[in-house]
Amino acid sequence: MNTLHVWAEGKGIDTRSELIKFYDKHYSASIMHLVIYSKENLDKTQGLVEEMFQEIRNTNTSIPTFPGQPCTPDHLQVLVKAVPIRQGHKLTVSWPVTPSIHHYEEAPCSYLGHLIGHEGVGSLFHALKTLGWATRLYAGEEDLTMECSFFSVLVDLTDAGHGNMDTLTTTQGSLLNVNTSNITKLNASNYLMWSRQVHALLDGYDLSSFLDDSKPIPASVITVDGTEMPNPEFLFRNRQDKLIYSAILVDNGSLFYVTRSASPKLFRHIKHLQQSGVSQWIFDELSAIREAEFHYQAKRDPFSYAKAISRNMKVYPTKHWLVGLSLPSRFNPAIVQKVLNELSPSNVRIFWGSKKFEGQTDKIEPWYKTAYSFENITEFTIQEWMQSAPDVTLHLPVPNVFIPTDFSLKDVEDKDIFPVLLRKTSFSRLWYKPDTMFFKPKAYVKIDFNCPLAKTSPDAVVLSNIFVWLLVDCLNEYAYYARAAGLKYGLGLSGNGFELYLVGFNHKLRILLEAIMQKIAKFKVKPERFSVIKETITKTYQNIKFQQPYERAMSYCSMVLQDHTWPWTEKLEALTHLEADDLVNFVPMLLSRTFVECYIAGNVEKNEAESMVKHIEDVLFNNPKPISRPIFPSQTMTSRVVELGTGIKYFYHQEGSNPSDENSALVHYIQVHQDEYAMNSKLQIFRLIAKQATFHQLRTVEQLGYITSLSQSNHSGVYGVQFIIQSSVKGPGHIDSRVESLLKDLESKLHKLSDEEFKSNVTALIDMKLEKHKNLNEESSFYWQEIRNGTLKFNRKDEEVAALRELKKVELIEFFNTYIKVDAPKKKSMSICVYGSKHLKEMESDKDKVASPFIQIEDIVGFRKSQPLYGSLKGWSQLKL
């Protein structure tokens, strides 16, 4: 294996010696920055710093600098095509630019990223999306240092977009030089001969239709999404026709220019921005958004916050250490224009990744063995692209109506500590929690549309998924403005249907909610968008096989345990047969029976929360011809989990889905109990004690795999622990035996654990549980988990802390001996074994080595359907009115 050590050794380099030299040269307090995040007063904190850090040496060295751009002329005006592992087409257009660190108050790259990466009507992305060529676009500064940075535009292309990539940035296309020197020059007496020669030549280049009209001329205008626009095919044909006509008229030796490109909208868009100048109102709008986000930002993880400040200390003056790049405050069009002018064809770098390039590359990258090709592109060629770009209307964004202006805090009378059930009907249930801790002008809204039809089959899951994707797709041009203004939203599948969330400034949240509900109520399937979304989801399913082996093992484990789940292969097969008409028929049935579970928290009054839910009910249920009706009692949605048999070991052996991945993986799962405070606490303290020992033994000592962990699992309120190991060294069978051996070591460790060590671990776990939520999102996620699982134990932390305070070491040992240790009387365990290419030959022999009693799972869904299930913690029987 060509590791860094082997590579260096081959060049006569001693890696360890070089590392020590690097340390001696650069390890110095003079280039370090220290941030202490503490509850202690300044004097005590300073004393701790002096005591702990004063011995760090100071050689007065300076931070090394590498002035100038890293790209030489050979690295510019290049096109690199690469073959990725996963399905999909990704295009990156990049330019080296002046680092915005030097102009952080003017924020030139933020301004340009805001405009080029915008997704509203009139934007570059909207034009590409309307044509069905792109599903995502990002623009912004990357690889930022003091000396250099890059401004990049990243585009996820559809198959059609890949095929028309020359309309985005274009490759060298198919520019053909056809020498006509052998064609007789036309005169008054040789027309017949000249005509035959011209027809033969054009026929050879498949261009005879331009003379005989054997192929219909494309319409000059097309209608896409209700908007008329020039037809790129017509523009291409018209230009080609003129080039042929021009070539026919010139003297002998004329050239036929045959180009397949319809040049880049991206370059045209940038050129338009360069010519139109920098707008102060756009900068002011961006500044207002950033100022609101900075002043009302949620409390962050202390460790991450301290790291961020220490980085800022290396770059910014003292007064801006806490601010950094967060607050654009100085409008300077010249600086923005300077960076904008750097986005020129003369220094562009284009990277294009697609599986379609297999067999079309001539180079291999040495470390990851990626196939790629490298081409030079001239500025003249790029200018040609720009001149022939389709004339699609692009314009600047309109003023953002979602920018909040009211940051006042609501005067909430009831200071509820936990969520309260504020409203319930046969249509919905509303949980409400006012902000009593964070005091920010923000809200958190979760709405779960429980639709019994959503998970009944692979077809239903896939159609529900397409429905959600299309909702987001049709909302994007409008709702993008809300996202840009700090009001995030999202739609996705949930355990029992689909889920909507809105998180951010509360001022304009109701407007966005109403717009989303209107889209749901008047949902229409657009066939052209259905095709794009179907293609995107197809690739998503296809790429599952390229997941890491441990991810596949965890997925198999969940599928064995969790009711109403379907293999991705079945969903992919179902997707191939589905068309737009299937979705047209499905959506009304999906929504016909619905129950809406709501959680609203933050800077929202009770009457506002109730009004939101009432609006949802009015849209769905309270029309003369309602979209939805209440679910029947028998349709109450439940989440149930397979109860494994006691004293039986379950195995599932599976070949890795990626033949080129030599890594194997094991998930050794031990199922313990259904949600209960005392049992939860015992399981958690065992995991805390055993976690470090697991990593030390399996990762550090035995070096079985880089990915090694012990974690607690929670499948719809059924708790357990799982050992997760991924390895290229040993196969799953061997790893499973090492986990069994580890469990014996853990038994000994628990018995030898002193009372002081036990109390220390209990205290550490209590401290973690008593740590307050840092922000509204964290608090709301915790409470929403209780609502979604049906447990509704909002005081869970307090109850589990109380159980921990009463826990004795002997009780922990008894718990381990009963549920966890090898051959424990109530043990329920399952090993999921995924075999990489390196260990595949071991799979059959591993099956033969399994000791009785055991059950070999061959068909996951069939096995699950044959097993008893834990009772559901979720249900709405209490909602009978």
Side-chain angles (χ1 to χ4, degrees), residues 550 553-554 557 561 644 649-650 665-715 718-727 730 732 734-769 800-801 803-833:
Y550 83 91
M554 292 175 67
C557 184
L561 297 172
L644 299 177
K649 183 69 179 286
Y650 297 84
L666 169 79
V667 171
H668 184 106
Y669 169 76
I670 302 173
Q671 189 178 75
V672 180
H673 69 285
Q674 198 166 28
D675 188 30
E676 193 270 324
Y677 293 134
M679 290 288 285
N680 295 350
S681 300
K682 294 172 185 176
L683 185 67
Q684 291 162 12
I685 198 68
F686 163 73
R687 183 249 179 189
L688 182 65
I689 293 170
K691 180 181 179 181
Q692 186 58 41
T694 297
F695 186 87
H696 174 74
Q697 180 63 34
L698 301 183
R699 171 73 178 92
T700 306
V701 177
E702 301 186 33
Q703 297 189 3
L704 291 179
Y706 184 77
I707 297 174
T708 301
S709 69
L710 170 61
S711 60
Q712 178 181 294
S713 66
N714 178 3
H715 293 91
V718 175
Y719 287 77
V721 290
Q722 51 191 15
F723 297 85
I724 301 170
I725 301 99
Q726 179 168 298
S727 176
K730 297 292 184 180
H734 174 83
I735 299 172
D736 198 43
S737 69
R738 299 313 303 152
V739 172
E740 296 277 334
S741 177
L742 172 67
L743 287 171
K744 294 177 181 177
D745 294 340
L746 290 174
E747 180 180 1
S748 175
K749 179 180 176 66
L750 286 178
H751 282 279
K752 293 178 181 179
L753 194 70
S754 69
D755 291 339
E756 290 72 20
E757 289 175 312
F758 173 76
K759 289 178 181 178
S760 175
N761 280 283
V762 169
T763 300
L765 184 56
I766 288 175
D767 288 343
M768 285 188 278
K769 287 185 173 295
E800 289 182 350
V801 165
L804 281 168
R805 295 190 194 281
E806 298 296 323
L807 183 63
K808 304 292 190 296
K809 187 179 77 169
V810 65
E811 294 175 316
L812 176 63
I813 294 173
E814 182 184 359
F815 168 83
F816 177 85
N817 291 339
T818 304
Y819 298 99
I820 305 291
K821 79 169 189 177
V822 177
D823 298 327
K826 294 185 178 181
K827 186 169 184 177
K828 308 170 186 177
S829 66
M830 174 173 63
S831 291
I832 306 293
C833 306

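Since this is a predicted model, take the numbers as computed values, not measurements. We count residues from 1, following the sequence as given.
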Minimal non-hydrogen separation, [X] against [Y], with atom names:
{"X": "Cys833", "Y": "Pro732", "value": "CB-CB, 3.5 Å"}
{"X": "Asn761", "Y": "Glu757", "value": "ND2-O, 2.8 Å"}
{"X": "Ile735", "Y": "Lys730", "value": "CD1-O, 3.6 Å"}

Can you list the residues that meet the side chain to side chain donor-acceptor pair (under 3.5 Å) rule with Lys828, with sequence neighbours excluded?
->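 Partners of Lys828 by the side chain to side chain donor-acceptor pair (under 3.5 Å) criterion, ordered by chain and then number, come out as Glu643, Tyr870.
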Which value, rounded to the nearest 0.5 Å, describes the distance between [X] atom [atom1] and [Y] atom [atom2]?
{"X": "Ser831", "Y": "Ile670", "atom1": "OG", "atom2": "CD1", "value": "8.5 Å"}
{"X": "Leu765", "Y": "Ile685", "atom1": "CG", "atom2": "CD1", "value": "4.5 Å"}
{"X": "Ser829", "Y": "Tyr669", "atom1": "OG", "atom2": "OH", "value": "10.5 Å"}
{"X": "Phe758", "Y": "Thr763", "atom1": "CZ", "atom2": "OG1", "value": "9.5 Å"}
{"X": "Met679", "Y": "Glu800", "atom1": "CE", "atom2": "CD", "value": "12.5 Å"}
{"X": "Asn817", "Y": "Leu812", "atom1": "CG", "atom2": "CG", "value": "9.5 Å"}

Check whether any side-chain heavy atom of [X] lies under 4.5 Å from a side-chain heavy atom of [Y], and answer yes or no.
{"X": "Val801", "Y": "Arg805", "value": "yes"}
{"X": "Leu804", "Y": "Lys769", "value": "yes"}
{"X": "Leu746", "Y": "Ile820", "value": "no"}
{"X": "Arg738", "Y": "Leu666", "value": "no"}
{"X": "Gln671", "Y": "Tyr650", "value": "no"}
{"X": "Asn680", "Y": "Gln684", "value": "yes"}

When you measure from the side chain of Ser681 to the backbone of Tyr677, do you find a donor-acceptor pair of N or O atoms at a distance under 3.5 Å?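 The answer is yes, because a donor-acceptor pair under 3.5 Å joins these two groups.
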Partner residues of [X] under the salt bridge (Lys or Arg N to Asp or Glu O under 4.0 Å) criterion, sequence neighbours left out:
{"X": "Lys809", "answer": "Asp755"}
{"X": "Glu811", "answer": "none"}
{"X": "Lys827", "answer": "none"}
{"X": "Glu747", "answer": "Lys821"}

Which residue pairs satisfy the salt bridge (charged side-chain N to carboxylate O under 4.0 Å, His left out) criterion with at least one member in residues 666-682, sequence neighbours excluded?
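Of all non-adjacent pairs touching residues 666-682, those that pass salt bridge (charged side-chain N to carboxylate O under 4.0 Å, His left out) are Asp675-Lys793, Asp675-Arg796.
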| message | With side-chain hydrogen bond (donor to acceptor under 3.5 Å, both in side chains) as the rule and sequence neighbours excluded, what pairs involving residues 685-698 come up? | response |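 Passing the test, one end in residues 685-698: Gln697-Glu702.
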task = Show your working on side chain to side chain contact (heavy atoms under 4.5 Å, CB included) between Leu742 and His668 and close with a plain yes or no.
result = CA-CA 12 Å; Leu742 172 67; His668 184 106; over 6 Å; no
State which residues pass side chain to side chain contact (heavy atoms under 4.5 Å, CB included) with Ser711; sequence neighbours excluded, sorted by chain then number.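 Residues passing side chain to side chain contact (heavy atoms under 4.5 Å, CB included) with Ser711: Gln722, Ile724.
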- Pairing residues for Gln703 by the side chain to side chain contact (heavy atoms under 4.5 Å, CB included) criterion, not counting sequence neighbours: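 Side chain to side chain contact (heavy atoms under 4.5 Å, CB included) check on Gln703 returns nothing, list empty.
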Non-neighbouring partners of [X] that pass ring pair (Phe, Tyr, Trp, His ring centres under 6.0 Å), sequence neighbours left out:
{"X": "His673", "result": "Tyr719"}
{"X": "Phe815", "result": "Tyr819"}
{"X": "Phe816", "result": "Phe686"}

Determine whether more than 12 heavy atoms belonging to other residues, nucleotides or ligands lie under 6.0 Å from atom CG of Asp767.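 Counting other residues, nucleotides and ligands, CG of Asp767 exceeds 12 neighbours.
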Item to check | Working for side chain to side chain contact (heavy atoms under 4.5 Å, CB included), residues Val667 and Tyr550 | outcome: CA-CA 7 Å; Val667 171; Tyr550 83 91; 5.9 Å; no
